[in-house]
Amino acid sequence: MKGRLSNYTLVLSMLAVLVGVGIIREWWTVAMMALLIFAVTLHSSHLHAAKLSAERRHAREVAELHLRTIEALAVAIDAKDNTTHQHLERVVIYAEAIGKELNLPEDDMKALRAAALLHDIGKLAVPEYIISKPGKLTEEEFEKMKIHTVVGAEILERVQFPYPVVPIVRSHHERWDGSGYPAGLRGEQIPIGARILAVVDSFDALSSDRQYRRALSRWDAMEAVKKEAGILYDPKIVDVLEKLYPKLEPLIESIARVDVKSAAQEKIVKGQAPAPKLESERTADTSSALHSIVQAREELQVLYQLTQALGTSLSVDETLRLIAEELRKLIPFDSIAVFLIREGKLLPRFVEGVNASLLARMQIPLGEGLSGWVAANGKYSLNGNPAVEPAYLQDPHQFSRLRCALSVPLDSPKGVIGAVTLYSTEHNAAFSLDHLRILKAVGSKAGTTLHNALIHEAMGRSAETDGLTGLPNARALSTRLEQESARATRQQTPYTLFVVDMNGLKKINDTFGHLMGNKIIKAVGNALRSSVREYDLVARMGGDEFVLLLPGMDASAAAAKRIELAMAVENLRKDFPNIEVSVSMGSASFPDDSRDSEKLMALADRRMYWHKREYHSTRAAITSA
């Protein structure tokens with residue numbers, strides 16, 4: 001507009017000059033010059049207008065691209081924290097409605113929309129197992145979760161938005177009373193966009209399903225938010241949301257319907273603790289943010305691999321070596337020692353690294369020293385002094401290079417069974433809160449696995465006879481099965497495995513007592529034993545499960561043997577007239593079903609469960625009839 005006014009002013013000025021000249025000279029000369037000037041000016045004006053239009057169109061296209069980029073980033077956030085569908089879209093709707101009601105300036109509205117979409121981008125630096133944890137976060141896990149506001153702000157600073165998005169993202173977990181993070185802002189110190197986002201984000205979270213609770217109705221969610229008005233949230237914004245959310249209900253519901261429709265139309269084609277405060281201010285360098293994201297991914301991968309491996313490990317030494325190898329990928333340490341409680345002392349079961357021979361000689365009374373205190377109290381020690389371990393105190397001439405330690409208890413279903421301690425040769429705080437959090441996560445998983453492995457090890461040292469039935473136990477079966485498998489492979493002869501499980505033992509125990517249940521277990525074991533050859537093996541695996549190893553028997557002979565075994569068990573009813581005694585069975589034969597003994601056992605087990613389901617279905621049909 002200003003360009004056009006300038007052109008018109010120029011034309012009028014020149015015409016005025018020409019009029020003055022025309023008083024003195026001929027009018028036709030003046031007219032020709034005026035027409036020429038007007039044509040040139042008009043052409044210039046058209047060119048200027050076209051340039052302005054192109055610039056506006058380019059600005060519009062850049063803005064649209066900017067918005068699509070923001071929305072693409074929002075999709076990445078939703079993929080990282082996929083706790084609800086369309087959460088971000090709903091937050092945008094609520095936030096924009098409140099912003100319009102409060103007559104926010106245009107730039108603030110743009111910033112609010114972008115922040116509503118991107119406020120959780122910092123969760124890319126938080127491990128998935130923390131984001132998806134179904135229960136309450138530990139103090140260390142919550143500290144890790146809190147970094148998402150700072151990391152998100154660091155990432156978005158690099159975008160250089162032309163409106164204030166970064167302050168909203170940084171402050172969307174600040175609270176009206178100053179109890180929030182990362183900077184502890186209070187009241188109107190918090191940007192208006194962050195105050196709006198805090199209210200609508202909480203409201204939508206409460207009214208959505210989460211892995212740790214069911215969704216509240218929107219009315220109940222609104223009541224819950226109102227209770228925190230003036231404490232956690234700006235009361236003015238809470239009032240505005242209360243007035244607006246019923247009007248937005250149709251729009252919110254339409255989003256849910258679109259989601260259901262798109263899912264229904266999709267077709268799948270085969271083949272397709274008190275802790276140090278977090279820094280609230282950082283430089284605009286993304287290296288820390290990117291490092292956090294990479295670290296989170298690596299942490300998740302290592303913990304997943306460790307969990308998978310621990311789930312299949314029944315060897316104490318194998319379990320401990322695996323823990324040491326995986327921990328070294330995430331935590332820098334110079335030595336590791338795993339202590340187990342034995343007769344009131346902590347004894348080293350696994351030691352590796354600097355001063356390993358010294359650590360291996362320790363016998364720490366429970367409650368004493370660093371590791372002894374951790375095991376006795378079930379609490380961690382962060383950057384403790386290894387010199388307090390009894391081995392150092394008992395020998396003043398003993399020299400150690402270890403200066404710093406991180407220790408956590410090993411928790412099991414039966415309580416604390418020991419401690420895992422990492423040592424460093426660094427003098428100062430060698431271990432961080434992140435290291436503590438990781439070690440605690442590993443310790444909780446490793447404790448249960450070690451507990452199971454220790455039980456297995458104890459079984460291995462015990463006699464190969466089941467105490468209740470007098471039959472061979474699982475250890476004897478494992479040894480015998482390995483021998484028979486090698487012999488059958490070498491001589492090309494068959495063998496069959498039966499997995500036998502009693503039906504209704506729990507009901508028998510509940511009705512007649514465990515003593516009667518034990519009598520029936522013994523009777524079933526004797527019936528099975530009397531129905532096979534002398535050199536066949538009948539082993540009790542524990543509980544109400546038995547395994548039969550029948551050398552030389554192929555699949556066809558196994559079918560006849562199954563009938564014989566079932567009849568032998570049914571004959572027990574005359575000894576227990578008021579009790580139904582029966583079993584479910586599954587069998588697998590070498591080499592017809594498999595040449596691998598473990599696969600044979602698994603197949604026989606699955607077939608037994610198929611038989612058990614058929615039994616329960618038949619019983620249910622009889623009962624209903």
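At least one donor-acceptor pair under 3.5 Å links the side chain of Asn383 to the backbone N or O of Ala430. Using a distance-only test at 3.5 Å, with no hydrogens or angles considered, no donor-acceptor pair links the side chain of Asp201 to the main chain of Leu197. Counting only distance, with no hydrogens or angles, the side chain of Glu174 and the backbone of Gly184 share a donor-acceptor pair below 3.5 Å. Side-chain atoms of Ser424 do not come within 3.5 Å of backbone N or O of Phe333 as any donor-acceptor pair.
Annotation: side chain to side chain donor-acceptor pair (under 3.5 Å) contacts of Lys236 (sequence neighbours excluded): none. Remark: Arg328 engages Glu352 in a salt bridge (charged side-chain N to carboxylate O under 4.0 Å, His left out) (not counting sequence neighbours). With sequence neighbours left out, the salt bridge (charged side-chain N to carboxylate O under 4.0 Å, His left out) criterion links Glu325 to no other residue. When the side chain to side chain donor-acceptor pair (under 3.5 Å) test is applied to Ser407, the partners found at least two apart in sequence or on another chain are Thr421. Partners of Lys414 according to the salt bridge (charged side-chain N to carboxylate O under 4.0 Å, His left out) rule, which considers only residues two or more places apart in sequence or in another chain, do not exist here. Residues forming a side chain to side chain donor-acceptor pair (under 3.5 Å) with Tyr233 (at least two apart in sequence, or on another chain): Ser202. When the ring pair (Phe, Tyr, Trp, His ring centres under 6.0 Å) test is applied to Tyr94, the partners found at least two apart in sequence or on another chain are Phe203. Checked against salt bridge (charged side-chain N to carboxylate O under 4.0 Å, His left out), Arg218 has the following partners two or more places apart in sequence or in another chain: Glu249, Glu253. For Asp334, the side chain to side chain donor-acceptor pair (under 3.5 Å) partners at least two apart in sequence or on another chain are Thr425. Lys226 is linked by a side chain to side chain contact (heavy atoms under 4.5 Å, CB included) to Met222, Glu223, Val238, Glu242, counting only residues two or more places apart in sequence or in another chain.
Across Leu206 and Ala224, no two heavy atoms sit closer than the pair CD1-CB, 3.9 Å. Nearest heavy atoms, Ala116 versus Val92: CB-CG2, 3.7 Å. Of all heavy-atom pairs spanning Gly152 and Val169, the tightest one is C-CG1, 4.0 Å. Scanning all heavy atoms of the two residues, the minimum distance from Asp107 to Tyr163 falls at O-CB, 3.4 Å. The two residues Ala125 and Val151 come nearest to each other via the heavy atoms CB-CG1, 4.0 Å. Ile168 and Ala115 get closest at one heavy-atom pair: CG2-CB, 3.4 Å.
With contacts defined as side-chain heavy-atom distances shorter than 4.5 Å, the pair Tyr380/Val374 does not qualify. Contact annotation: the side chain of Pro164 approaches that of Asp108 to within less than 4.5 Å [non-hydrogen atoms, C-beta and beyond]. You'll find the side chain of Leu330 stays beyond 4.5 Å of the side chain of Asp434, heavy atoms only. When side chains are defined from C-beta on, Arg113 does not count as touching Lys110, because their heavy atoms never get closer than 4.5 Å. Looking only at side-chain heavy atoms (C-beta outward), Leu370 and Asn385 stay at 4.5 Å or farther from each other. Residues Ile98 and Leu104 are not in side-chain contact: their nearest non-hydrogen atoms beyond the backbone lie 4.5 Å or more apart. Side-chain contact between Asp204 and Val200 is absent, with no heavy-atom pair separated by less than 4.5 Å. Contact of the Leu439 side chain with the Val420 side chain is registered, since non-hydrogen atoms from C-beta on lie closer than 4.5 Å.
Atom CG of Leu382 sits about 6.0 Å away from atom CG of Leu433, to the nearest 0.5 Å. Distance check: Leu406 CG to Ile438 CD1 gives 10.0 Å after rounding to the nearest 0.5 Å. Taking CD1 of Ile93 as the start and CG of Leu244 as the end, the distance is 12.5 Å to the nearest 0.5 Å. Note: Ser171 OG to Ile190 CD1 = 7.5 Å, rounded to the nearest 0.5 Å. Summarising the geometry, atom CZ belonging to Arg175 is positioned 9.5 Å from atom CD belonging to Glu228; distances are rounded to the nearest 0.5 Å. Separation of atoms CG (Leu248) and CZ (Arg90) is listed at 12.5 Å; rounding is to 0.5 Å.
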Just do the salt bridge (charged side-chain N to carboxylate O under 4.0 Å, His left out) check on Lys144 and Glu141 with the steps written out, would you?
CA-CA 5 Å; Lys144 187 67 175 179; Glu141 289 168 344; over 6 Å; no
Can Ser179 and Asp177 be said to form a side-chain hydrogen bond (donor to acceptor under 3.5 Å, both in side chains), step by step?
CA-CA 6 Å; Ser179 63; Asp177 63 359; 2.7 Å; yes
Please test Ile323 against Val338 for side-chain contact (heavy atoms from CB on, under 4.5 Å), starting from the C-alpha separation and ending with a verdict.
CA-CA 10 Å; Ile323 291 170; Val338 178; 5.7 Å; no
Show your reasoning for whether side-chain contact (heavy atoms from CB on, under 4.5 Å) applies to Leu112 and Ile196.
CA-CA 8 Å; Leu112 181 59; Ile196 293 173; 4.0 Å; yes
Chi angles and distances behind the side-chain contact (heavy atoms from CB on, under 4.5 Å) call for Cys404, Tyr423
CA-CA 6 Å; Cys404 196; Tyr423 300 94; over 6 Å; no
Before giving the answer on side-chain contact (heavy atoms from CB on, under 4.5 Å), spell out for Ser207 and Leu216 the whole-Å C-alpha distance, their side-chain angles and the decisive distance to 0.1 Å.
CA-CA 5 Å; Ser207 57; Leu216 300 177; 5.5 Å; no
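Salt bridge Lys243/Glu101: present, at least one basic N to carboxylate O contact under 4.0 Å. Ion pairing between Glu140 and Lys440 holds under the 4.0 Å rule for side-chain N and carboxylate O.
Between Phe431 and His435, the ring planes lie perpendicular to each other; the angle is over 60°, past the 30° to 60° tilted range.
A salt bridge (charged side-chain N to carboxylate O under 4.0 Å, His left out) check over residues 422-433, counting only residues at least two apart or in different chains, returns nothing. Within the structure, salt bridge (charged side-chain N to carboxylate O under 4.0 Å, His left out) contacts touching residues 181-200 (residues at least two apart or in different chains) are Arg195-Asp234.
Ring-centre distance between His173 and His119: not below the 6.0 Å cut-off.
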